[in-house]
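All remarks here apply to the structure that follows.
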Amino acid sequence: MTSDSTMPRNKTFTTRKMVTVAMLSAIATVIYYLDFPVPLMPGFIKLDLSNVISLLAGFSMGPIAGVIVCLIKNVIQLIIKGLGTTMGIGNIFDFVTSAAFVLTASVIYHKKKTRKNAIISCIIGTLVFTVISLPLNYFIVYPIYFKAFGGEAAILGMYQQIMGSVKNIFSALCIFNLPFTFVKGIICALVTILIYKPLSPILKGKD
């Protein structure tokens with residue numbers, strides 16, 4: 001009797017979790033499309049807040065759920081937009097960095113589910129998000145961008161229009177991209193912390 005009564009509950013929970021992940025993935029995909037240019041940054045760099053949704057999934061249903069939302073939003077965009085001249089490198093970069101952010105923050109948060117630990121987890125997640133972006137951009141993403149958008153000089157020229165003293169791509173990434181990525185992470189973290197508590201009962205299926 002105990003086994004029979006437990007199985008339906010687990011099945012219902014699993015089904016509901018899958019539905020919630022699918023719903024959050026759809027929302028994250030929409031938000032991902034609602035990106036916008038940022039002042040004092042090259043035009044191809046844009047800000048979106050889809051990681052808020054991924055963090056909500058990670059906090060409420062566990063790290064894997066958050067990573068799945070990161071994956072689905074990028075797969076959907078790739079299907080709709082296609083690989084393009086950059087072979088989907090922007091989406092791959094977004095998935096890897098976002099997944100690292102969400103996975104780090106969610107794992108730490110689930111160790112101790114308090115508001116203080118949520119803040120700590122988001123700060124650490126943001127730092128991981130920021131730090132890994134530099135080598136990924138420098139060694140993988142930007143070399144592909146060079147081939148797709150007219151060469152290294154063309155990309156560097158976009159940064160030099162903003163700050164003429166920038167001499168190379170590495171310094172451009174350190175001066176522009178690193179602070180941008182950190183601020184993006186902090187914004188997503190702050191929004192998540194503000195809205196998670198009121199949304200938590202809905203995401204977890206509690207009345």
Side-chain angles (χ1 to χ4, degrees), residues 17 20-74 76-77 90-91 93-134 136-137 141 162 173-206:
K17 187 175 181 179
T20 304
V21 168
M23 177 191 70
L24 291 176
S25 298
I27 295 171
T29 301
V30 172
I31 295 176
Y32 196 28
Y33 272 98
L34 300 177
D35 56 9
F36 51 91
V38 180
L40 301 179
M41 293 292 290
F44 62 88
I45 296 177
K46 296 183 180 180
L47 175 65
D48 75 271
L49 301 181
S50 60
N51 280 336
V52 171
I53 310 302
S54 304
L55 281 171
L56 289 175
F59 278 16
S60 61
M61 292 176 288
I64 299 303
V67 172
I68 290 172
V69 171
C70 294
L71 177 63
I72 291 175
K73 75 172 184 181
N74 279 291
I76 291 175
Q77 191 181 63
N91 290 98
F93 172 79
D94 181 85
F95 169 68
V96 173
T97 54
S98 296
F101 180 20
V102 172
L103 187 65
T104 301
S106 301
V107 166
I108 295 172
Y109 173 71
H110 279 272
K111 300 263 184 204
K112 188 177 182 181
K113 297 179 182 180
T114 63
R115 185 177 182 83
K116 180 180 179 180
N117 201 45
I119 295 171
I120 292 172
S121 70
C122 282
I123 292 173
I124 296 174
T126 298
L127 290 174
V128 171
F129 179 54
T130 304
V131 170
I132 69 168
S133 70
L134 181 59
L136 287 175
N137 269 325
V141 177
I162 303 167
L173 292 174
C174 292
I175 294 169
F176 292 94
N177 292 50
L178 275 182
F180 166 77
T181 304
F182 180 76
V183 171
K184 176 181 176 179
I186 290 296
I187 292 172
C188 289
L190 286 174
V191 174
T192 302
I193 290 168
L194 287 173
I195 67 176
Y196 176 64
K197 187 173 182 179
L199 290 179
S200 178
I202 300 172
L203 296 172
K204 295 179 179 179
K206 297 178 181 178

Report the C-alpha separation of Ser200 and Ser60 in whole Å, then their side-chain angles, then the decisive distance to 0.1 Å, and conclude whether the side chain to side chain contact (heavy atoms under 4.5 Å, CB included) test is met. CA-CA 6 Å; Ser200 178; Ser60 61; 5.5 Å; no
May I have the step-by-step check of side chain to side chain contact (heavy atoms under 4.5 Å, CB included) for Val52 and Ile187, ending in yes or no? CA-CA 9 Å; Val52 171; Ile187 292 172; over 6 Å; no
Apply the test side chain to side chain contact (heavy atoms under 4.5 Å, CB included) to residues Ile120 and Tyr109: give CA-CA distance (whole Å), side-chain angles for both, the deciding distance (0.1 Å), then the verdict. CA-CA 8 Å; Ile120 292 172; Tyr109 173 71; over 6 Å; no
Please report the C-alpha distance between Thr29 and Gln77 in whole Å, then the side-chain angles of each, then the deciding distance to 0.1 Å, and finally whether the side chain to side chain contact (heavy atoms under 4.5 Å, CB included) criterion is met. CA-CA 7 Å; Thr29 301; Gln77 191 181 63; 5.6 Å; no
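In this structure, the side chains of Leu203 and Leu24 come closer than 4.5 Å at one or more pairs of heavy atoms. In this structure, the side chains of Leu134 and Asn177 stay at 4.5 Å or more apart for every pair of heavy atoms. Taking 4.5 Å as the limit, some side-chain heavy atom of Val21 sits within range of a side-chain heavy atom of Val69. Side-chain contact between Thr126 and Phe101 is present, with at least one heavy-atom pair separated by less than 4.5 Å. Contact of the Asp48 side chain with the Leu34 side chain is not registered, since no non-hydrogen atoms from C-beta on lie closer than 4.5 Å.
Judged by the 6.0 Å and 45° rule, Lys73 forms a cation-pi pair with Tyr32.
In this structure, the separation between CG on Leu190 and CD1 on Ile119 is 8.5 Å, given to the nearest 0.5 Å. Note that the CZ atom of Phe129 and the SG atom of Cys188 stand 6.5 Å from one another [nearest 0.5 Å]. We find the NZ-OH distance between Lys113 and Tyr196 to be 6.5 Å, quoted to the nearest 0.5 Å. A distance of 9.0 Å separates CG in Leu55 from CD1 in Ile193, rounded to the nearest 0.5 Å. A distance of 8.5 Å separates OG1 of Thr104 from CD1 of Ile124, quoted to the nearest 0.5 Å. Going from atom CD1 of Ile162 over to atom CD1 of Ile175 covers 11.0 Å, rounded to the nearest 0.5 Å.
Residues Leu56 and Thr192 share a closest heavy-atom pair of CD2-CG2, 4.1 Å. Between Cys122 and Ala189, the closest heavy-atom pair is CB-CB, 3.5 Å. Considering every non-hydrogen atom in both Lys184 and Leu47, the closest pair reads CG-CD1, 3.5 Å. Taking every heavy atom of both residues into account, Ser121 and Phe59 meet most closely at OG-CZ, 3.6 Å. Residues Pro63 and Val107 approach most closely at CG-CG2, 3.6 Å, considering heavy atoms. When all heavy atoms are compared, the tightest approach of Asn74 to Asp94 is ND2-OD2, 3.0 Å.
A donor-acceptor pair under 3.5 Å is formed between the side chain of Asn137 and the backbone N or O of Ser133. Side-chain N or O atoms of Lys17 include one that pairs as donor or acceptor with a backbone N or O of Met61 at under 3.5 Å. In this structure, Asn117 contributes its side chain and Ile108 its backbone to a donor-acceptor pair below 3.5 Å.
Sparse packing is recorded around CG of Leu40, with 12 or fewer heavy atoms of other residues, nucleotides or ligands lying under 6.0 Å away.
Partners of Ile31 according to the side-chain contact (heavy atoms from CB on, under 4.5 Å) rule, which considers only residues two or more places apart in sequence or in another chain, are Ile27, Leu49, Ser50, Ile53.
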